[in-house]
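If you read the sequence from its start, that first residue is 1, and numbering goes on from there. Numbering of ligands and ligand atoms starts at 1, following listing order.
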Amino acid sequence: MSSTPFLPFSRPTIDEAAIAEVVACLRSGWLTTGPRVERFEAMLRDYFNAPHALTCTSATAGLLMALLSLDLQPGDEVITSPMTFAATLNTIVLAGGVPRLAEVERGTYNLDPERVAAAITPRTRAILPVHFAGLPVDCERLHELARARGLRVIEDVAHAIGAVYRGKKLGSFGDTQVFSFHPNKNITTGEGGCVVTRDEAMVKRIQLLRFHGIDKDAFPEQKQRGLPHYDIALAGHKFNMLDMQAALGIHQLPRLEAINQRRRELAQRYYAAFQGFPGLILPATPAYPHTHSWHLFAPLVNPEGARVTRDELMARLKQAQIGAGLHYQAAHLGSFYQKQFGYRRGDFPNAEFISDHVLSLPLFPDLAEADQDRVIAAVKRILAA
Ligand SMILES: *Cc1c(COP(=O)(O)O)cnc(C)c1O
């Protein structure tokens, strides 16, 4: 075997300024939530042109807090996609709701708005779309549906920071958006997330939920005298972002456009290389104006044109020192969701087809073109009939 180093499917790009900021944070003596979180939140508000950007420990925490703010009652439903990470459905359940799945489009892997419309029941409280791989869902259609029925729209934007829908950045319009800063995502704080919302009541709830339910504004008289009195207004969580994490974010956010631009160029190189190659089915492009954030390049292995299965391809790529991701096994195939909510294989054929054939090829800003060419050559060699 050669000594080719292992090529991961994703790798963060951390610059020296970010490293220096973390070191400065450590030297400052203030590690937990403080001035750097404040600065990062101000940058996020500015970036999204939004009144509130509430950082937290992860997108999972953000989704949970946004959903808890809805005060779901037993039996209340939240419509979401089976083509997503576990966190999207789990947080609906943890917030007391029922995840009501709707079928996705075979080409884009995004929720099919017509299937969302058909999934609405009298118990529906919210729609939770996922912008898969960084491709914006048809926001207008989903927001229209929600408006007509008085539903909330909580968007899972874990893949799509910087993506644009009809000229508007995701997060700069709509109801509530949850972003992830996990190391695999387009920008990172190590772990971390944020909730962008235009709902003042949700802001207050999340501020309580993310730090023990503590309300420091409950006793204005004492506060004015500089006293530390607080109320415990609810049984909260411990989901506050650290200054050590925000130190990274402060230097990642200004680089986002450049990072996404490079991701876009590399995705275009994949498209060009695989155009007309029968072994793969490439992700489809919707007609509405949008800019993709290319969190993932996730084609399908074409069962009609490939010599081996997706699983075999992934195993052989690994032997060739190439990492690939599986995003995702359709959520309704998970044993918990089958037992608890009665989902079965067969319920969502498009999601299942994607689940059975999808893989994420290496895509990150520092991916060398020579390494990408090695991936392309390996995929073609393994799949070619
Ligand atoms: C990564 C991811 C999450 C969870 O993000 P964390 O910050 O790791 O909690 C949620 N939804 C989707 C679609 C994701 O890819």
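With a 4.0 Å heavy-atom cut-off, ligand 1 is reached by the side chain of T88 but not by its N, CA, C or O. Both the backbone and the side chain of A59 come within 4.0 Å of ligand 1, judged by heavy-atom distances.
Put simply, part of Y328 is less than 4.0 Å from ligand 1, judged by heavy atoms. At least one heavy atom of G192 sits under 4.0 Å from some atom of ligand 1.
Within a 6.0 Å radius of CG in N49, other residues, nucleotides and ligands contribute 12 heavy atoms or fewer. More than 12 heavy atoms of other residues, nucleotides or ligands sit less than 6.0 Å from atom CZ of R141. Dense packing is recorded around CD of E191, with more than 12 heavy atoms of other residues, nucleotides or ligands lying under 6.0 Å away. At most 12 heavy atoms of other shown residues, nucleotides or ligands fall within 6.0 angstrom of atom OH in Y230.
Under a 4.5 Å side-chain heavy-atom criterion applied to ILVMFWY residues, the cluster that includes V195 comprises L54, L63, L64, M65, L67, L68, L70, L72, V78, I92, L94, L128, I154, V178, M202, V203, I206, L208, L209, L234, F239 as well.
Nearest to atom 10 (C) of ligand 1 among the protein's heavy atoms is D156 OD2, 3.6 Å.
Annotation: F364 is not in aromatic contact with F9 [ring centroid separation under 6.0 Å not met].
Using a 4.0 Å cut-off to heavy atoms of T60, the atoms of ligand 1 that qualify are 4 (C), 6 (P), 9 (O).
Of the candidates K185, H131, H182, the one placing a heavy atom closest to atom 2 (C) of ligand 1 is K185.
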